[in-house]
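These notes concern the structure reproduced below.
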Amino acid sequence: MPQIKILPPHVRNKIAAGEVVERPASVVKELIENSIDAVSTDISVEVRYGGKRFIRVSDNGGGMDREDALLCFRRHATSKLSHEEDLFNIKTMGFRGEALSSIASVSKMKLITAPMGTSRGVLIELQGGEMSEIRDSPSAGTTIQVEDLFFNLPARKKFLKSNRTELLHIIDKVTEEALAHYEIGFTFTSDNYGTMHLPDASSFRERIMQIYGEEFLEGLTEAHAESEDIRIRFFISKTDNFRNTKTHQFIAINRRPIRDPSISHAVYGAYEGILPENKHPMFFLFIEMDPRRVDFNVHPTKREVRFEDKESVYRFIRNSIRDFIAHPPRPVSYESPSASVVSESLELSYQPSPSFLYLGESFVAISEKKGLTLIDQHAAHERVLYEKLLKGVDLASHALLFPRQVKLSHKEYMIILEHRSVLRDFGIEVDDFGHNTLVIRTLPDALKEADIRDMLSDIASCLLEGTTPLSNLRENIAAKMACHKSVRGKMTLTQEDLTKLLSELERCINPDRCPHGRPIRIFFSLEHLNKIFKRK
Ligand code: ADP
Ligand code: MG
């Protein structure tokens with residue numbers, strides 16, 4: 001009796017679904033990419049319950065006739081490839097013909113579609129991949145609705161995270177696709193957080209601005225470079241605008257959002273010597289290259305790529321960005337160009353003063369009777385403000401005469417609204433203005449000069465990524481706020497200010513470490529100095 005049997009199609013589909021459909025966000029990605037391939041100019045995505053119970057993607061693309069609509073759920077059914085050679089010259093987002101069959105096999109799906117130029121459409125319903133209804137239905141473009149994902153794969157369903165976490169993954173995918181396809185209009189609606197509406201744009205720049213706002217874009221610098229077989233347009237952190245986390249790092253090759261550690265590494269390489277420790281650049285890279293030199297058929301979700309010549313892609317990216325950073329375009333003014341930011345900040349400025357001495361921008365050496373204290377003034381400020389925020393003392397909060405509008409990315413906006421009450425505890429009143437915009441109505445005096453947009457965005461990314469060592473939410477937020485206020489700008493204190501800072505520091509619960517754990521002050525006793533200089 002033979003032991004080996006060929007698996008029946010519904011089992012094969014479920015296995016394939018395991019690779020293609022990891023979570024609701026994978027469904028959203030596949031459906032959007034199909035709409036893109038159908039040459040749509042407008043794509044709407046609606047999700048409920050983090051996409052677990054409901055996902056709907058509608059487009060105004062080419063649509064399908066009845067025959068194709070019946071075929072598209074079959075495994076390896078695709079209109080995008082016909083010959084083996086096509087595999088090495090892929091110009092569409094899809095080509096494997098397995099997304100719809102996989103998604104259909106693990107959900108309840110509804111397809112309504114009509115071919116361009118007619119409204120005579122068809123509606124097809126499936127349950128776990130089995131067709132349950134086919135009828136005529138007037139329509140334009142294509143709408144695919146996916147309900148109860150993994151209803152027939154309970155083991156898989158259990159692995160899904162909370163609705164909120166799944167929603168965040170979905171927003172990431174929609175944002176990535178929208179970044180890579182600026183000429184397409186996107187509308188994204190979720191049951192909890194309103195709508196993100198991105199009208200069709202005329203450039204990558206405009207799309208980045210639609211998503212993140214003008215202020216965000218001002219922190220980036222744009223350039224492009226090309227060689228014989230590769231072109232790149234990039235938007236990268238200005239040299240004074242690094243982040244504490246790896247958020248806002250995006251790579252697309254031939255309009256396909258991808259992840260590639262070696263390309264990310266190339267960008268970090270370009271910033272070598274400029275990027276402070278523990279800081280990360282933001283980057284948006286839009287790379288175009290001959291499709292024959294890059295293989296997307298590495299992984300079912302097509303997020304990883306293999307290059308024909310990885311080394312040269314790496315070098316091209318690193319060198320183009322590095323050259324650009326080293327020789328930024330001349331300022332428009334005729335005035336003499338100022339020294340670059342980098343050399344300016346590396347220079348140590350010694351400012352002798354009766355009892356203390358500045359070393360660089362932040363270190364202050366203070367002579368004491370029994371030795372010498374070195375203090376990091378920014379870290380000291382950070383600690384003082386952090387403890388004030390947590391204790392709620394000295395935090396006079398004032399209504400702003402001109403409330404400030406701050407535009408954030410959809411994800412940041414969502415997360416800040418969720419934590420509105422914690423911000424209120426710290427004297428920050430935030431109102432929802434819709435369209436990913438918040439209105440800041442009150443601010444504590446201590447934060448009046450902080451860059452609020454940057455601060456909120458930083459708070460959002462730390463809440464999302466949980467990268468700080470502090471486990472408590474209030475502590476996390478307070479640490480971020482304190483850091484924003486204290487790190488920005490050069491600040492030389494007068495003797496009086498310094499005395500005040502030192503006495504405030506003395507009253508802190510932990511005067512020796514900043515909220516991130518870095519040292520604030522180091523004391524060298526005369527005894528210790530004697531030892532160092534081998535006097536004893
Ligand atoms: P692939 O995208 O790899 O071809 P899919 O399973 O995602 O495989 O889709 C199968 C086929 O269904 C596509 O090749 C395309 O012909 C058709 N199709 C899917 N979605 C759409 C859509 N939104 N509009 C028009 N045709 C579509
Ligand atoms: Mg597809």
Side-chain angles (χ1 to χ4, degrees), residues 239-242 244 272-279 338-391 393-394 445-451 455 458 468-470 478-536:
T239 47
D240 57 353
N241 189 31
F242 298 119
N244 298 324
E272 205 172 82
I274 295 175
L275 191 68
E277 209 182 321
N278 297 326
K279 291 280 177 183
S338 59
S340 83
V341 184
V342 193
S343 52
E344 215 172 82
S345 67
L346 288 178
E347 216 175 280
L348 290 183
S349 59
Y350 292 92
Q351 289 185 4
S353 152
S355 57
F356 67 96
L357 176 72
Y358 264 93
L359 303 166
E361 285 175 17
S362 190
F363 299 118
V364 190
I366 304 162
S367 70
E368 315 238 5
K369 261 195 222 128
K370 293 184 178 160
L372 170 81
T373 297
L374 272 180
I375 140 162
D376 177 343
Q377 152 195 304
H378 284 140
H381 264 125
E382 213 173 314
R383 165 54 65 180
V384 169
L385 181 55
Y386 170 73
E387 294 205 6
K388 277 187 189 172
L389 284 166
L390 280 181
K391 285 186 218 146
V393 293
D394 288 350
D445 276 350
L447 291 174
K448 256 192 339 222
E449 282 155 35
D451 179 335
M455 184 181 84
D458 222 19
T468 77
L470 305 167
K480 278 290 158 204
M481 288 180 179
C483 160
H484 264 268
K485 170 57 190 153
S486 355
V487 173
R488 307 292 136 138
K490 267 189 207 173
M491 188 170 36
T492 314
L493 300 182
T494 60
Q495 173 83 49
E496 201 185 338
D497 294 336
L498 188 68
T499 315
K500 182 166 173 248
L501 176 65
L502 292 177
S503 78
E504 285 185 324
L505 186 64
E506 215 43 67
R507 286 199 299 265
C508 282
I509 298 169
N510 183 354
D512 291 317
R513 301 251 157 207
C514 83
H516 301 100
R518 286 188 297 271
I520 292 176
R521 54 183 186 181
I522 299 173
F523 177 66
F524 296 92
S525 65
L526 275 176
E527 230 178 352
H528 185 56
L529 290 172
N530 273 323
K531 255 193 218 153
I532 296 177
F533 289 99
K534 309 233 180 285
R535 290 199 158 266
K536 268 187 189 164

Please report the closest heavy-atom contact between Glu504 and Lys388, naming both atoms and the distance. OE2-NZ, 3.2 Å

Does the pair Arg521/Asp376 count as a salt bridge with the N-to-O cut at 4.0 Å? no

Give the minimum heavy-atom separation between Leu501 and Ala380, together with the two atoms involved. CD2-CB, 4.1 Å

Anything under 30° is parallel, anything over 60° is perpendicular, the rest tilted; go ahead and classify Tyr358 against Phe356. perpendicular

Closest approach of Leu389 to Met481 (non-hydrogen atoms, all atoms of both residues): CD1-CB, 3.7 Å

Shortest non-hydrogen contact from Phe242 toward Pro276: CD1-CD, 3.5 Å

With Leu374 as reference, evaluate Ile520, Leu359, Ile366 under the side-chain contact (heavy atoms from CB on, under 4.5 Å) test and give the passing residue. Leu359

Tightest non-hydrogen contact, residues Ala379 and Pro519, listed as CB-O, 4.2 Å

Between CZ on residue Phe363 and NE2 on residue His378, distance to nearest 0.5 Å: 10.5 Å

Nearest 0.5 Å please: distance from the CD atom of Glu387 over to the CG atom of Leu505. 8.5 Å

Quick one, Arg383 and Pro511 - any side-chain contact, counting heavy atoms below 4.5 Å? no

Approximate separation, where rounding is to 0.5 Å, of His381 NE2 and Asp497 CG: 7.5 Å

For the NZ atom on Lys391, are there more than 12 heavy atoms of other groups (residues, nucleotides or ligands in this structure) within a distance under 6.0 Å? yes

Any carboxylate oxygen within less than 4.0 angstrom of a Lys/Arg side-chain nitrogen, looking at Lys531 and Glu527? no

Rounded to the nearest 0.5 Å, the CZ atom of Arg518 sits from the CG atom of Asn278 at a distance of 7.5 Å

